[in-house]
Amino acid sequence: MRIHFTKMQGAGNDFVVLDGVRQDLSALDAALLQRLGDRRFGVGADQILLVQPAQQAGADFRYRIFNGSTGAEVQHCGNGARCFARYVRDQGLIDRDVIRVDTVNNRLELRLQSDGRVTVDMGAPRWQPSDLPFDPAGLTPDTASAVPLWTLDTPWHTDPATSGRPAQVQFAALSMGNPHAVIAVDDVERYPVADVGAWLESHPRFAQKVNVGFAQTLAPGEMRLRVFERDAGETLACGTGACAAAVAGMALGRQASAVEIHTRGGDLRIAWAGGDTPVLMTGPAETVFEGHIDL
Ligand SMILES: N[C@H](CCC[C@H](N)C(=O)O)C(=O)O
């Protein structure tokens with residue numbers, strides 16, 4: 001099967017984008033998607049984005065996301081949503097700058113800005129453990145702040161003096177359509193992101209695993225963030241992770257209602273008015289190259 005694809009990136013989070021409107025991609029299964037995502041045997045990408053005709057009234061397209069390492073479908077991808085908007089506009093699939101798309105569990109509004117960036121209405125955050133899902137059984141959250149903070153023992157010990165007591169992590173748990181655990185750290189560059197990220201990503205309390213964000217507050221309105229993504233490892237940026245980190249900081253009273261998030265791959269701007277209002281994310285979306293692949 002010969003497939004036309006477009007390689008794109010949003011703040012260094014990279015994607016293979018497929019036109020399922022003008023191509024018949026019904027034969028694509030998880031194995032072929034995983035091959036597309038493979039950085040040695042395929043094109044290589046953190047996620048595969050599929051553009052399909054809308055199935056619901058009021059939407060322009062259906063937007064489906066698959067993690068590149070597994071070919072498994074996931075609920076949301078924020079950096080991907082910006083690239084989706086750039087793609088359908090540049091490919092002539094739509095001639096408007098405001099685009100409405102449906103994901104598996106959300107309707108998003110994508111807006112192409114005159115400066116080349118894209119703003120995405122990411123929907124409202126959801127805080128119930130069942131929204132992730134996260135199993136809180138036996139845990140007592142710290143409810144002194146506006147949102148519950150959960151504490152888990154890690155497999156590591158802090159130092160010989162406390163060899164009997166494991167180190168702990170405290171995190172906010174929320175859904176942006178996909179599951180996120182956000183840990184506040186003093187210095188993202190020195191924190192053991194790979195170890196703690198891999199451990200929490202696959203913790204049995206997260207039945208569908210979880211994206212793990214490591215957030216450093218630089219100032220009210222400015223954060224640095226690293227994210228160990230579910231089924232992707234650490235990516236250079238994570239859009240839903242940036243929303244989750246910003247919203248957790250705001251809900252905890254540590255952040256203003258608009259935050260500039262510095263990721264390793266670029267900067268994202270997040271705005272949120274609280275409660276059930278939508279989270280707005282603005283950032284870059286760029287095409288890298290186009291090509292064909294025989295699968
Ligand atoms: N790894 C994520 C999907 C991609 C999210 C990320 N690339 C973004 O920009 O939001 C998950 O399994 O939920």
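Every value quoted in this text rests on a predicted model; they were computed, and no experiment measured them. Because only heavy atoms are used, hydrogens play no part in the values below, and waters and symmetry mates are left out as well, while side chains stay in. Order of appearance sets the numbers: ligands from 1, and atoms from 1 within every ligand.
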Using distance alone, determine whether [X] and ligand 1 share an N or O pair under 3.5 Å.
| X | answer |
| --- | --- |
| Gly80 | no |
| Gln47 | yes |
| His76 | no |

request  = Could you tell me if any non-hydrogen atom of Asn67 lies under 4.0 Å from any atom of ligand 1?
outcome  = yes
key: Residue and atom name of the nearest protein heavy atom (relative to atom 7 (N) of ligand 1), distance in Å to one decimal   = Asn13 OD1, 2.8 Å
request  = Give the numbers and elements of all ligand 1 atoms closer than 4.0 Å to a heavy atom of Asn211.
outcome  =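 Going through ligand 1 atom by atom, the ones under 4.0 Å from Asn211 are 1 (N), 2 (C), 11 (C), 12 (O), 13 (O).
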request  = Identify, by atom number and element, the atoms of ligand 1 in contact range of Val74, meaning under 4.0 Å from any of its heavy atoms.
outcome  = 3 (C), 12 (O)
message = Less than 3.5 Å apart, any donor N or O on the side chain of Asp153 or Gln168 sitting next to an acceptor on the other?
response =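 Gln168 and Asp153 do have a side-chain donor-acceptor pair below 3.5 Å.
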Side chain, backbone, both or neither: the part of [X] lying under 4.0 Å from ligand 1 by heavy atom:
| X | answer |
| --- | --- |
| Asp231 | neither |
| Asn79 | both |
| Cys77 | both |

request  = Give a yes or no answer on whether the side chain of Arg86 reaches the backbone of Gly116 with a donor-acceptor pair at less than 3.5 Å.
outcome  =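 Yes.
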